[in-house]
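In what follows, a structure is listed as structure tokens, so that the remarks can point back to it.
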Amino acid sequence: MKKNPIPLTTLAVLLAAPSFAQEQSGVKDKIHALDEVVVTAGKMETKVDKKPTNVEIITRDDIEKVPGVVYINDLLQKVPGLWAPRFQSGVANDGNFSTRGSEVKSQGLRVMVNGIELNKGNGYVVLPRIPLHDVERIEVIKTASAEYGDQAVGGIINVVTATSSERVEAKVGTAFGDFDYGKAYTVVKGSIDNFEYFFDLGFSRSGGYQDDTEYDPINAYTRLAYAINDSTELEFHGSHMDSEGVWPSKLTQAQFEANPQQSPGKASVFNNDYDLGALVLSKYFGDDILKAKLIGKDEYVGMIFSFPFGEREYVYTEWEFYPSITYQWQHPIGNMSNQLLVGVEYRNHELTGKQYSLTNGTREAKLRDTLRKDISYAAYTVDELSVTKDVTITAGVRFDAYEQDQTGRVNPANTVSQSDQAISPKIGATYSINETTNLFGGFNSGYKSPARTPGMAYSADLNPEKVYSYEAGVRGLALPWLSYNVTGFVNQYLDKWIKSGPEATDPYINAGETEAIGLELALGAQFSNGFFADVNCTLQESEYTKYAKAGVNYDGNKIPNVPEQMLGGTIGYRDPVWGQFTFTADYVGDRYFNEQNTLKGDGYWIFGAGYKKIFEKWDPQLSFFVDLKNLTDEDAVVYGGGSPGKEALVPVYGQQFLVGLELMF
């Protein structure tokens with residue numbers, strides 16, 4: 001099939017346009033030195049130059065450069081080493097991610113807002129639950145974490161919402177576009193004496209790229225904080241999402257070539273209702289912090305799918321009770337700065353999965369009714385020791401244990417019990433040679449229990465999945481206007497999970513061992529004359545190293561849907577009078593769609609362009625944007641499965657024109 005390699009000249013074009021930079025004073029307002037940026041995603045506040053991993057910070061300024069943000073994937077294109085399919089067809093309800101060559105899936109990456117996880121109880125990520133209308137920054141860690149454990153085997157995304165020192169700040173906005181897309185939202189935030197609040201409410205709809213598809217979510221998020229006294233603060237976090245929609249059908253190669261917008265067969269409908277409430281109590285003892293969290297979740301999902309053998313209805317009800325306590329202790333050792341984090345967690349999770357056969361939309365028989373209960377315990381500690389102001393060593397370890405019972409209430413054979421435990425260590429170091437160069441490297445490990453499998457796919461024979469991650473790199477400011485990072489990584493998965501078949505009830509199996517080796521690069525430029533540019537590149541090989549299935553050995557085969565090359569770039573110009581112009585290019589390289597490596601997808605380019613203008617002197621302020629996604633209307637496959645002649649392909653979202661307005665009070 002046709003190759004589409006990354007031209008080396010593309011990298012030069014993306015950065016050369018504004019290379020005639022003139023006066024650079026004031027540029028550091030947009031590009032910060034590493035020792036100025038504080039990261040909270042690791043539960044322990046620390047600066048980027050002390051983190052022994054290639055943590056990525058998407059700043060408020062980065063977010064403002066993307067005019068038409070629909071989902072967080074529109075922003076994650078800036079993150080090397082992270083494959084977040086941006087152009088999913090039809091309904092992008094579940095978030096599919098791959099970090100550093102891992103399997104593309106909706107589980108294994110912990111997504112948080114202000115430190116509160118929004119993953120469903122079984123680990124699933126639902127993208128529209130993330131409030132994106134007023135975000136201060138997004139922190140991304142792409143490796144397993146001793147601090148987070150079970151649901152963070154692939155890393156962490158932490159969205160930090162904005163705050164305000166004013167009594168009331170508000171914004172309202174709307175956006176419209178092709179494929180019947182429409183959105184309306186409001187954000188209200190402020191501070192009154194000891195009280196701080198943030199509220200984000202959004203409504204949206206989309207007809208979807210493929211025929212007869214739709215998605216209509218309502219999403220609300222709130223954060224309330226009250227300072228009881230000078231040393232004690234209480235926070236409440238709430239999240240509610242209610243949505244319904246129709247999923248598109250996947251396509252064969254022949255159907256894709258004939259018309260990528262078709263959705264053959266009967267519609268697959270769904271509806272869901274997610275609620276989350278969390279309390280956080282923070283007690284300060286000088287520089288030390290005691291933090292207690294209590295998270296509760298209540299979730300419902302209903303789905304109807306059509307198969308060649310008939311229609312099936314799936315109903316999931318799920319709840320979770322999740323308390324945790326951490327203590328961050330600042331205590332020098334001699335002349336060395338030192339901070340220690342210790343924590344304990346308890347998680348009680350229950351999931352009921354029911355399956356019915358349908359005839360003309362009427363339930364005929366209950367085929368499956370399983371009740372899964374799992375309880376997990378964890379304890380961990382992480383220490384960050386600054387041997388000198390330039391050298392920092394970080395080490396930690398986590399202990400996880402779980403017990404799971406499943407009761408088959410239709411088929412007693414589905415009644416099983418299982419328990420296991422794991423120890424996950426980490427160690428790393430950073431060395432700041434000078435203001436322009438920060439070296440880092442580390443080893444991390446992670447663990448995921450079978451409790452994180454989808455509701456219908458449980459297998460009593462499934463072993464926990466473990467990952468060992470190694471990385472080393474260099475980052476910093478090459479010039480006051482140019483930031484960079486380069487990182488090499490190796491990820492090894494043991495007892496890797498692979499779904500054994502296409503049906504929801506097909507169990508997962510352990511796929512032996514897999515390995516991913518890669519290199520990630522990012523450059524960012526910001527000039528005082530208004531030009532800006534960024535580029536990121538990922539080169540990786542991800543393959544099975546020890547895997548046999550049904551007597552067939554797949555050692556050396558590539559892991560499905562993981563691109564070998566990824567490239568993203570932006571060129572833009574910002575002017576207080578003329579507004580902001582941006583041009584983007586994203587490349588996804590060749591990848592196989594099945595484990596047999598008999599079905600291959602070509603690489604493809606997606607181009608975009610946008611314009612944004614803020615009338616700052618108006619009262620209220622008005623912001624206006626126009627955004628064109630998939631400028632050339634590229635027909636491509638974003639991911640898929642199956643085999644030649646029996647493909648199941650998901651097309652790239654087609655060309656879409658978006659226009660939006662926002663009033664800021």
Side-chain angles (χ1 to χ4, degrees), residues 40-41 55-89 91-99 104-120 123-142 151-152 154-162 173 175 177 181 183 185 187 198 200-202 204 206 215 217-221 223 237 239 241 243 274 276 534 536 566 568 570 584 586 588 606 608 610 625 627 629 638-639 653 656 658 660:
T40 60
V55 58
E56 297 284 340
I57 308 296
I58 302 174
T59 66
R60 191 177 184 88
D61 188 62
D62 294 329
I63 295 169
E64 291 173 352
K65 293 173 184 175
V66 183
V69 176
V70 176
Y71 296 116
I72 193 172
N73 293 23
D74 295 320
L75 302 171
L76 296 178
Q77 305 309 303
K78 295 178 176 292
V79 179
L82 174 62
W83 166 225
R86 177 178 177 183
F87 306 102
Q88 300 176 63
S89 169
V91 179
N93 181 49
D94 295 337
N96 289 302
F97 300 98
S98 169
T99 51
V104 181
K105 57 186 179 297
S106 295
Q107 295 165 296
L109 186 70
R110 182 170 289 194
V111 176
M112 303 181 296
V113 175
N114 297 318
I116 304 297
E117 68 166 55
L118 289 191
N119 300 65
K120 293 174 59 178
Y124 258 67
V125 176
V126 180
L127 290 178
R129 295 189 72 179
I130 303 171
L132 292 175
H133 300 122
D134 200 351
V135 173
E136 186 63 33
R137 68 182 183 277
I138 300 173
E139 305 167 340
V140 183
I141 295 176
K142 296 163 289 185
Q151 289 191 328
I156 304 156
I157 295 176
N158 185 38
V159 177
V160 180
T161 58
Y181 179 78
K183 177 172 72 171
Y185 62 90
V187 176
F198 178 93
D200 184 317
L201 173 65
S204 66
S206 174
Y215 186 41
I218 300 172
N219 189 56
Y221 169 83
R223 173 184 174 270
H237 301 254
S239 171
M241 190 183 116
S243 70
Y274 305 130
L276 176 148
D534 63 69
N536 68 82
M566 293 183 290
T570 302
T584 61
D586 293 288
V588 177
I606 298 292
F625 81 83
D627 188 38
K629 301 178 183 295
V638 64
Y639 58 85
Y653 212 93
Q656 185 179 29
L658 295 175

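None of the values given here were measured: they were computed from a predicted structure.
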Query raised in the report: Is any side-chain heavy atom of Val187 closer than 4.5 Å to a side-chain heavy atom of Thr161?
Result: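 When only atoms from C-beta onward are counted, Thr161 and Val187 do not touch, as no gap falls below 4.5 Å.
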
Can you measure from [atom1] ([X]) to [atom2] ([Y]) and round to the nearest 0.5 angstrom?
X      : Y      : atom1 : atom2 : answer
Glu117 : Leu276 : CD    : CG    : 8.0 Å
Leu127 : Asn73  : CG    : CG    : 5.0 Å
Thr59  : Ile57  : OG1   : CD1   : 9.0 Å

Minimum heavy-atom distance [X]-[Y], with the two atoms named:
X      : Y      : value
Val66  : Asp74  : CG1-O, 4.2 Å
Gly68  : Phe625 : CA-CE1, 3.7 Å
Leu201 : Ala220 : CD1-CB, 3.9 Å

Query raised in the report: Who pairs with Ser98 by side chain to side chain contact (heavy atoms under 4.5 Å, CB included), at least two apart in sequence or on another chain?
Result: Trp83, Ser102, Val104, Val562

Requested in this report: Using side chain to side chain contact (heavy atoms under 4.5 Å, CB included) as the criterion, list what pairs up with Leu109, not counting sequence neighbours.
Outcome: Phe97, Thr99, Ile157

Partners of [X] by salt bridge (Lys or Arg N to Asp or Glu O under 4.0 Å), sequence neighbours excluded?
X      : value
Arg223 : Glu196, Glu235
Asp586 : Arg86
Lys78  : Asp534

Query - Partner residues of Tyr185 under the ring pair (Phe, Tyr, Trp, His ring centres under 6.0 Å) criterion, sequence neighbours left out - result: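 Here the qualifying residues are His133.
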
Check whether any side-chain N or O of [X] sits under 3.5 Å from a backbone N or O of [Y] as a donor-acceptor pair, and report yes or no.
X      : Y      : answer
Lys142 : Pro80  : yes
Arg60  : Val135 : yes
Asp627 : Leu658 : no
Gln77  : Ala84  : yes
Asp134 : Ala162 : no

